[in-house]
Amino acid sequence: MPVMTYRDAIKSAMAEEMERDESVVLLGEDIGLYGGTHLVTDGLLDKFGSKRVIDTPIAEGGFTGAAIGMAMMGMRPIVEMMTWNFSFQAADQIIQNAAKIRYFSGGQASVPLVIRGPNGGGVQLSAQHTHSLEGFYGHFPGLKVVAPVTPHDAKGMMIEAIRDPDPVLILEAGALYGTKGEVPEGEYTVEFGKARIAREGTDVSLIGYGRQVNLLLKVAERLQADEGITAEVIDVRSIRPFDEETLVNSVMKTNRAVVVEEQWRWFSVASEVAASIQEHAFDYLDAPVERVSGAETPAPYARNLEAAAFPNEEQIIDAVRRVAYRRA
Amino acid sequence: MPVMTYRDAIKSAMAEEMERDESVVLLGEDIGLYGGTHLVTDGLLDKFGSKRVIDTPIAEGGFTGAAIGMAMMGMRPIVEMMTWNFSFQAADQIIQNAAKIRYFSGGQASVPLVIRGPNGGGVQLSAQHTHSLEGFYGHFPGLKVVAPVTPHDAKGMMIEAIRDPDPVLILEAGALYGTKGEVPEGEYTVEFGKARIAREGTDVSLIGYGRQVNLLLKVAERLQADEGITAEVIDVRSIRPFDEETLVNSVMKTNRAVVVEEQWRWFSVASEVAASIQEHAFDYLDAPVERVSGAETPAPYARNLEAAAFPNEEQIIDAVRRVAYRRA
Amino acid sequence: MATTQSSTKKRKSASSGANGAKPDVPGVSAEKLLEFYNQMVYVRLFEEACQRAFRQGRVGGYLHVYIGQEAVAVGLLDTYQPEDRVITAYRDHAHALLLGSPPNEVMAELYGKGTGIVKGKGGSMHLFDVPNGLMGGYGIVGGHIPLGVGMAYAMAYQQTGGIVQLYFGDGAIHNGAYHEAANLAGLWGKSGMNPTLFILENNQYGMGTSVERATANTDLGSKFASYGIEHEKVDGMDVVAMNEAAHRLSKQVRETGVPFAIEAMTYRIAPHGAADFLEKYRSKEEVKEARKRDPIGLLEQRILDAGAADEEALETIRKANKEIADAAVTFAEESPDPDIAELYTDVYADSPEVHSA
Amino acid sequence: MATTQSSTKKRKSASSGANGAKPDVPGVSAEKLLEFYNQMVYVRLFEEACQRAFRQGRVGGYLHVYIGQEAVAVGLLDTYQPEDRVITAYRDHAHALLLGSPPNEVMAELYGKGTGIVKGKGGSMHLFDVPNGLMGGYGIVGGHIPLGVGMAYAMAYQQTGGIVQLYFGDGAIHNGAYHEAANLAGLWGKSGMNPTLFILENNQYGMGTSVERATANTDLGSKFASYGIEHEKVDGMDVVAMNEAAHRLSKQVRETGVPFAIEAMTYRIAPHGAADFLEKYRSKEEVKEARKRDPIGLLEQRILDAGAADEEALETIRKANKEIADAAVTFAEESPDPDIAELYTDVYADSPEVHSA
Ligand SMILES: Cc1ncc(C[n+]2csc(CCOP(=O)(O)OP(=O)(O)O)c2C)c(N)n1
Ligand SMILES: Cc1ncc(C[n+]2csc(CCOP(=O)(O)OP(=O)(O)O)c2C)c(N)n1
Ligand SMILES: [Mg+2]
Ligand SMILES: [Mg+2]
């Protein structure tokens, strides 16, 4: 299979869909002439012209709202949030309009809109530029929210999103644009609402999404090598719809779970994972579901503080030891 | 003890603090000349003048941001969100500025700001005007978020909030402004971070906040009368800081818990309650923590649909039966 | 089209004439004046029926009526072409009715009935009638303005020849959503990609806040100019003036793809919402004064002065429309509640469908 | 004051003269010209040191330098009074340095060190120096504008006699936050409650988007007028012109409590951020052309022409400032990382305190 960066996987999905369907257009800040601050859209202006690759002023609420209007007229706009941190300025449009128009129009109108952009921390952008908003947006019915971590899923989910008749938010792993992975030739889609078993295992379920999955895979190797623990790693990847079933089935097998997220702990994706598992696999759990979340502080700038603010291998291994009732 | 409406409890807290401290001012739409759409600020313009009771244009982001700036200069502004549904337009200000300025200024600046207004549904306001945003805002460190349900707590928490050196969001029970309750004379505060045991019990913990607490108290009476089940009812009331301890202690006694919320289920306050309890009271739980949440749809308008969208007595009783392993 | 076409039924009510082919420039023939009169009375009597139903507790939620502003929508929607789209805020009954929505379904929506135009799901603030061009009724001040601008972009992109009539209030103009959207409209208009006709319904108040208390620059035209959007102030109490401007300017927008803004100077004779009892923010005298220029009264006078009809003819029109409103109430009252299963439909495209009456 | 006063240390660097008492109207004495030169060179050389450190990977996150725009902040902050407050976006180094923040602490902040001016917590985009009047550096475009307007309200309410210098960019002016804040400023100014001096740093681009590509009305003054805010365009490459306007207009704002806006016409000679390599959005020629009006070059010429100093004297100034920048780098490099416990401080007032070095 061809190998491609995460960035190119997303770009090729958009370019191919734009070839296929004239109604697909892009909007965002500096996505055209500048090439996109993360170069995800680089070259698309030359290819598709300025009516389809629309550079916008710095007005996240305005252009997201305009994209909603376009979508209601049958277009398939893809909005780039330069980073999801700026999406708070568009929260009203996303939550009050995109998520609800189908409903309060009694099904007369729909919003086939994609909003995509980088999310998450790790490159010292500090408090205002570091968020993981999966749970924040995942809370609202009417939205679909996904967080692919592999180039394969990034492309497949992007195509799925563009063709979806409802608004889809793609929270990309901002730190991973340059990472490579296998991507099938030709078009394919990755269905929403299905978690991915990234590594099979029997002793403990390690659950996460986004760049945490890579961390979990590393931890799983260490656990195997150092402690003889065979961990199953699950990539949640679809936040809404949320795949309880895969998580629960895994825990029914392993009887133990650790959930890891960059997000803050309270009212988060990890809260949901723990709540779901205790609900549906109560009799299978040999220990409480452990959560490893981001530090309960706005994101700091200094490298050492930032590193300390996010989940690390030691914390996860400690949590695994606790659910496995093992000593360090 | 004097009896007062929820509305008057809040108003008297604000008026008393305004008497005491010149730096306390109010901002919001139609809070002055109009008297406030829920009449919570009625009469305060006449008493304190237009420099302290500031009618604003319809610009939630702008006046919330301005209030943040005032607070940074040592004032103690109280912002009225006409309803919390409009706060999505101020989400950037609340989340990116109010919550984080102390942190990213390295402690040089602070934001002693209160934002208050009605929240929750129940009066047929439909999709754009019906939200319970406790978990949504409670997710962010730097904010404090409370949801009083009694006039007593409404007043005590309001005074506590005004004096707090950090931003506090008060999500009032919009449907309860006219309800009455005992309110002590003289000034008093209700500490944040403490849940309230609204009814003592031994057989099951019923956990909620806002107007759900009243529903739970009714259910508790029915359970007592009809099934001989003695329920403990806990009013979470402080969302951030979140009082795990009171919840956990209750469940250690009752061994069973049902959480009820108007909010949507996924990534919600109930998720957190379930996650916390299973974590800290794992060995005490005789059944999974059950959640009763709002229907996974934008709020509908029609009376019958709205009623069906929110938790009701039957659903809660069913959940109690499940955790108590009883037949209907 | 992303808008589902399930309800393609075409509507005609006694008073609706909005969907027929229109001349480019309207004459003010007697016939036309009477058509306007018919429409304005239609809206007025319908709104009064809504208010009564609200006071009786049969309509819930919020209710915002259009009383006093009828000339604005009547004058403008007279220019509506099938390829056009209309979007507005929560004060949306008139727009639906004038575009041809069945009054029964509109009233049933307010009653929250299953026969409502959006199945009882949205209520007064969220009327949609996509087949007739109404892209909604929205409840968040300012929030719909970017949508309208985006729709206009889409229509230029798709080369449908349509324009968007984008209605919003004097309160909404101070909201950030307006600023961002108007700037986009101006910018996109430079390449003919934004056939938006902005219609500022300046009824002097945003809830209880007068224009003077909402902004230091009360010349609201400046708030279009700063985005490069040309604009014109029109007497919103005079349906003929509104209509003249509407024909001229909608034609211009249609032909150029460049946005234009009409500031319709009008007055909200009714309270802000049906629950706005005290009206402490304005005097009784002020309202009384405004009533002297009630758009229906003005038109009536014009018709009589011109001899276009006599009082009896007008009474006939009023009676016919009263009957329509009454029938709508009856229909709404007799309609069934929505099927409870409808709670879960229309969340996503593949939400469970309900197949009951 | 809600701003904690812990760091009351007063700062003086070789190049800083911003905090002394100022005459109401500046003469353009030789001394003054040299003071400006000193300050502009100070900023320039400091920024160049930042860029080097970023390229070497010693500074992380985002980095936005002020190169080309020095005359704006230098001319304006010369009018700073101790009761004033200054707020800006992420392009904030110059403002801190000119208000008297120790260059060592500013550089240490960029290095993310415990000795940084905000303890290494904020980085380049979030410089604060409350004792010296800097109420922050902010990273969300538009987001700080309402804060500045609110601060001005507070200062009028508290009758401190201060004004707010509120800086923002030509990109930010299209953001809804600007619209809402400017409208509030105009409105509150009607009763003298808004001593805000808006300073639009029009450097022609918002990241890669030129003014022409961001709005149809490129006369940005119109975007103050629509809120009733008076405004004036000033040559932002000419520090003397900036300074003259600054004195005149800050005095006016201070005396009236009515906001005023200066549009400083300037140019970002540096890339948008230190990671903006390609600059596909502008030509090399354009930048070259702009360099001809480099504000430091212009001032140099003026000084030499007027015989206010000779090339040697200027070289001495440059050397002194180069040493300051170098010393700041050394200080930053040698400073310790923040104590890990600092991660948890400053979230709330009662967050755990750290008592270590
Ligand atoms: C963002 C937001 N803030 C506040 C409200 C409450 N509200 C509803 S209508 C209204 C007044 C709007 O005035 P205007 O735009 O002039 O329209 P009009 O009611 O006069 O037709 C307000 C403040 C809202 N719906 N949305
Ligand atoms: C709301 C928001 N959107 C996008 C960004 C990314 N961004 C950072 S700086 C910038 C350009 C701002 O331009 P301008 O206001 O002119 O300031 P300048 O950089 O020219 O000083 C953009 C788009 C942001 N920080 N915040
Ligand atoms: Mg109005
Ligand atoms: Mg700029």
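All values derive from a computational prediction rather than experimental measurement. Within every chain, numbering begins at 1; the chains are lettered A, B, ... in the order of the sequence lines, protein sequences first and strands thereafter.
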- Query: Relative to chain A, which of Gly273(D), Gly122(D), Ala177(D) shows the most heavy atom pairs under 4.5 Å?
  - Reply: Gly122(D)
- Query: Any Lys/Arg nitrogen of Arg213(D) or Asp30(A) sitting under 4.0 Å from an Asp/Glu carboxylate oxygen of the other?
  - Reply: no
- Query: To the nearest 0.5 Å, how far apart are OG1 in Thr297(A) and OH in Tyr344(D)?
  - Reply: 7.0 Å
- Interface moiety of Tyr138(D) toward chain A, non-hydrogen atoms closer than 4.5 Å: both
- Interface moiety of His126(D) toward chain A, non-hydrogen atoms closer than 4.5 Å: side chain
- Message: Counting heavy-atom pairs under 4.5 Å with chain A, which one of Asn175(D), Val347(D), Thr209(D) comes out on top?
- Response: Asn175(D)
- At a heavy-atom separation under 4.5 Å, does Glu296(A) approach chain D through its side chain, its backbone, both, or neither? backbone
- Does some side-chain heavy atom of Met125(D) sit less than 4.5 Å from a side-chain heavy atom of Ser126(A)? yes
- Is chain A contacted by the side chain of Asp276(D), its backbone, both, or neither, given a heavy-atom distance below 4.5 Å? both
- Would you say Met82(A) and Val141(D) make side-chain contact, with heavy atoms under 4.5 Å? no
- Task: Sort Leu110(D) into side chain, backbone, both or neither according to what part of it lies under 4.5 angstrom from a heavy atom of chain A.
- Result: backbone
- Message: Less than 4.5 Å to any heavy atom of chain A: does that hold for the side chain of Val59(D), its backbone, both, or neither?
- Response: both
- Message: Could you measure the distance from the OH atom of Tyr301(A) to the OH atom of Tyr111(D)? Nearest 0.5 Å is fine.
- Response: 10.0 Å
- Message: Report which part of Thr83(A) has an atom under 4.5 Å of a heavy atom belonging to chain D: side chain, backbone, both, or neither.
- Response: side chain
- Item | Interatomic spacing from OG1 in Thr345(D) to CG in Leu305(A) - rounded to 0.5 Å | 8.5 Å
- Message: Is the ring pair Tyr62(D)/His129(A) parallel, tilted or perpendicular, if the boundaries are 30 and 60 degrees?
- Response: perpendicular
- Between atom CD1 of Ile340(D) and atom CG of Asn304(A), what is the distance when rounded to the nearest 0.5 Å? 4.0 Å
- How far apart are the closest heavy atoms of Pro57(A) and His174(D), and which atoms are they? CB-CB, 4.1 Å
